[in-house]
Amino acid sequence: MDRARNFIPGPNQELLDIKPIRSLAPMFPAPMGVNINQSSTPPLVCVTPVGQFPTGFGGGNLPAFGSFTTFSVTANGFSQAGTSANGAIDATPISAYKTRSSGATALNGDDEPYSGNQTSASGRKAKKRSAGLSADGSDGVKVKRPKPIYKNLVAGKELAFLPASPNNPREIVEAVHMTFEALRRRHLQMDETQDASRRADLKAGAIMMASNIRANVGKRVGTAPGVEIGDIFYFRMELCIIGLHAPSMGGIDYMSAKFGADEDSVAICIVAAGGYENEDDDTDTLVYSGSGGNSRNTEERHDQKLERGNLALERSMHRKNEIRVVRGFKDPAMVAGKIYIYDGLYKIQESWTERTKFGVNCFKYRLQREPGQRDGAAIWKMTQRWIQDPSTRGRVILRDLSSGIESIPVCLVNEVDHEKGPGQFTYTNQVKYLRPVSSMTPMQGCGCQSVCLPGDANCACGQHNGGDLPYSSSGVLVCRKPIVYECGEACHCTLNCRNRVSQKGIRFHFEVFRTANRGWGLRCWEPIRAGAFICEYTGEVIDELKVNLDDSEDDYIFQTVCPGEKTLKWNFGPELIGEQSTYVSAEEFQPLPIKISAKKMGNVSRFMNHSCSPNVLWQPVQYNHGDDKHPHIMFFALNHIAPMTELTYDYGVVGEETSHRARTCLCGSLTCRGLF
DNA sequence: GGATGATCAGTTAC
DNA sequence: CGTAACTGATCATC
């Protein structure tokens, strides 16, 4: 029920009484920040406007979204134990509050059960940070390209991508995460164009840090609000900016905490990614190796010492505090890639030392997963088994709903009731146009040999897409745009060209499953990266000619109705690095005439339900004809999607015209519009 | 030719 | 301020 319970230690343990650091006047002009309160109380979320802006930002002319009012929200509806409701707090980044005297952390009279007690003297650092955004324009942070990013921050646009009223931690974490990804994809695109160093993760991370666009700033024991078990990540920097695990490389995150009069160093989060010799056979226990012993720069190995993270783990074993665990696995989808899964809270049961094969001593800690938590890494293990051998998937009604039409079988399962399957329809992986494709305007192609390369000024397809190829080398959509032009038959490049993504069809193990209250739904065994292609909306193009009463009976029509903000704001990376906005507001949004019905025929996408907080977006794509009014409708992942998470997209905002067809929304999201 | 290892540049927070 | 650290991309090697 309450978060505070997470902090209640074992029977022998004193109550923790560290005071939160807040209600202090900011020492420095703080950069804009989103800050989930670091204490254990219900998350108080504030967005603080920047004290100073770079020159040139007049008061007028700000975009309509993202006004610069200070607001702070006291979260309602969150249960709270043992603490009185808090007033609004100032959301100046925690780093700005750090003081040299540890006593300063106890200034507050509240009875917070637990919070950070960072006594290290790093006010200096905070100052430096702020300088990055200050009016003098001196960039205190080194991010190489594009050069003066922070000068170009546009006031309104900084806030623009954030939720309109960020009063729930999940929304903030998602927004921060999404922004990081948008930045990372864009930086990767630029890096690939210039054949530069490919650490887009670090570049995106540095910008997020410098602009203080992050969640859960300030360390805390227990859950990180807004981060849910099963959430997946592809880079350590992601864990960093959402406040799940602060060290960018280190495996052990720890902090100093007060226990009555004592002060102790305790571990708060570990990343178990197989860096040391761990055997993780089952998903409820974990043997974690202590840190150190193998220097990165020298060959020499030495015994591990009981200091830093190791000491914190040792103390945590005695304090019996909960420790967040992130498990890292090799991502089969990438050559050299990892996937990180947040697996919830664990406690250390025992520790010992072991002699490694190099003959040095190493600490070992056995952690036990706290009972009663939903599955995290266990789902990953399960679905990986299914992918290797689909016959191990139980509760199957039909092995392949596509009858072999898709290269990967589409499973039909029901674990809820006794429905035997969806109504009759014909499975097709193609769109049936009113006119045959051959009679449509042909698309012009490029003359690239072999494959199209980013940055090639001679590539007609690159030009067609506005200069950059729309996908990164790993096949991920970088940015949402009116139309994406893939290479097609008219092009000289081969099928290996990176600009052929959605035309190659699905690449995931889909599962059509029975939902609790929304009929059939769609989900997937694989984890899906933000920007990855998911599927096309196939069916019959019915167009405006057939707008009639008969439509209201058709639940399977796709139209390019304006989606909600989450979808519209997917692109907001560019703004942060001073590039031109690609944002299209709901007012500016122009629907396309195309209308596809999947009632009689369709593919997996006809089972995708609506959500006001979707994880999938649609994107028009062209490749086999030149009729831009009737493009293919392709779906891409809006954020990283954990295995077995239902795939949903935003069916669009109800307009007057379509209101007679509006339905009550059951998406259950906190930002639900109620109808769709 | 796909897995594996060595190398290197790079970040955060202590 | 130097430095440790369960990174991540690339290139050589088997």
Side-chain angles (χ1 to χ4, degrees), chain A residues 93-95 98 116-126 128-129 140-145 180 184 187-188 191-192 195-210 212 214 217-219 233-241 243-256 265 267-280 286-302 304-305 307-313 325-332 334-341 343 356 362-365 367 472-474:
Chain A
I94 198 74
S95 58
K98 289 179 184 172
N117 179 26
Q118 301 184 315
T119 55
S120 67
S122 44
R124 180 179 65 246
K125 210 174 235 171
K128 197 175 169 188
R129 280 271 157 70
V141 189
K142 46 174 185 191
V143 176
K144 278 171 192 161
R145 185 168 28 76
F180 170 88
R184 194 194 63 83
H187 270 288
L188 184 61
D191 284 353
E192 287 180 341
D195 204 28
S197 78
R198 311 247 167 112
R199 288 304 298 267
D201 57 322
L202 297 183
K203 288 172 190 159
I207 295 170
M208 302 290 285
M209 290 293 201
N212 204 36
R214 36 198 300 206
V217 184
K219 300 191 177 195
F233 310 91
Y234 291 89
F235 296 93
R236 286 291 301 268
M237 209 50 93
E238 295 170 60
L239 310 180
C240 228
I241 53 135
L244 186 60
H245 185 91
S248 58
M249 295 186 189
I252 308 165
D253 195 3
Y254 60 99
M255 68 186 283
S256 173
S265 168
I268 51 179
C269 186
I270 60 171
V271 176
Y276 295 74
E277 312 151 26
N278 286 320
E279 65 278 11
D280 47 90
L286 169 70
V287 175
Y288 193 80
S289 302
S291 156
N294 34 8
S295 176
R296 207 161 64 95
N297 299 318
T298 67
E299 278 303 302
E300 69 169 58
R301 293 171 195 277
H302 53 82
Q304 291 186 346
K305 299 190 183 92
E307 58 183 23
R308 302 163 187 254
N310 298 345
L311 180 62
L313 285 169
V325 169
V326 178
R327 297 214 189 212
F329 300 95
K330 201 174 290 173
D331 182 5
M334 301 292 286
V335 190
K338 278 202 186 115
I339 180 167
Y340 298 95
I341 302 172
D343 199 32
T356 68
C362 166
F363 294 108
K364 293 280 180 180
Y365 303 88
L367 292 97
S472 66
S473 59
S474 52

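- In this structure, CD1 of A/I268 is placed 13 Å from C1' of B/dC14, rounded to the nearest angstrom.
- In this structure, A/D253 atom CG and C/dT7 atom P are separated by 14 Å, rounded to whole Å.
- Within the 4.0 Å cut-off from OP1 or OP2 of B/dA13, not a single side-chain nitrogen or oxygen of A/Y254 is found.
- Taking every side-chain heavy atom of A/R308 into account, C/dA4 is the closest of C/dA4, C/dT7, B/dT11.
- With the nearest nucleotide of DNA chain B identified for both A/P247 and A/L202, A/L202 has the one nearer the 5' end.
- The CG atom of A/D331 sits 13 Å away from the P atom of B/dA3 (whole-angstrom rounding).
- Proximity note for A/S248 (side chain, C-beta onward) versus B/dA13, C/dC6, B/dT12: the nearest is B/dT12.
- As a whole-Å value, the separation of A/D343 CG from C/dC6 C1' is 16 Å.
- The two atoms that bring A/H187 and A/A204 nearest to each other are CD2-N, 4.5 Å, heavy atoms only.
- The side chain of A/M237 sits closest to B/dT11 out of C/dT7, B/dT11, B/dA13.
- Atom CD1 of A/I252 and atom P of B/dT12 are 20 Å apart (whole Å).
- Listed candidates were C/dT10, C/dG8, C/dC6. Nearest to the side chain of A/R198 is C/dT10.
- In terms of modelled atom types and a separation under 3.5 Å, the side chain of A/R236 and the main chain of A/G250 share a donor-acceptor contact.
- Taking atom CG of residue A/L311 and atom P of nucleotide C/dA4, one finds them 18 Å apart after rounding to whole Å.
- The side chain of A/R199 lies closest to C/dA9, out of C/dA9, C/dA4, B/dT4.
- Of the candidate nucleotides B/dT11, C/dA4, C/dT7, C/dT7 has the atom nearest to the side chain of A/K338.
- When rounded to the nearest whole Å, the span between CG of A/D201 and C1' of B/dA9 equals 12 Å.
- At C/dC6, none of the side-chain N or O atoms of A/Y365 fall inside 4.0 Å of OP1 or OP2 (strictly under the cut-off).
- Along DNA chain C, the nucleotide nearest to A/G293 and the one nearest to A/F235 differ in position, and the one closer to the 5' end is contacted by A/G293.
- Using a 4.0 Å cut-off, no side-chain N or O of A/K330 falls inside it from OP1 or OP2 of C/dT7.
- Base pairing of B/dA13 is made with C/dT3, judged by Watson-Crick or G-U wobble geometry with both donor-acceptor distances under 3.5 Å.
- A/G309 comes within 4.0 angstrom of nothing in the nucleic acid, heavy atoms only.
- Residue-nucleotide stacking is present for A/Y288 and C/dC6, judged by a side-chain ring centre under 5.5 Å from the six-membered base ring centre and planes under 30° apart.
- Taking CZ of A/R184 as the start and CG of A/D191 as the end, the distance is 10.5 Å to the nearest 0.5 Å.
- A donor-acceptor pair is defined here as one N or O able to donate and one able to accept, closer than 3.5 Å; such a pair exists between the side chain of A/N310 and the backbone of A/S291.
- A straight line from CD of A/E238 to C1' of C/dT7 spans 13 Å, rounded to a whole angstrom.
- With A/E238 contributing its side chain and A/F233 its backbone, the two residues share no donor-acceptor pair below 3.5 Å.
- Nearest heavy-atom pair, A/L244 versus A/C269, reported as atom, atom and distance to 0.1 Å: O-SG, 3.4 Å.
- In terms of position along DNA chain C, the nucleotide closest to A/G290 lies nearer the 5' end than the nucleotide closest to the other residue of the pair A/G337 and A/G290.
- Counting only heavy atoms from C-beta on, A/A336 has its side chain closest to C/dT10 among C/dT7, B/dA13, C/dT10.
- Nearest to the side chain of A/S289, among C/dC6, C/dT7, B/dA13, sits C/dC6.
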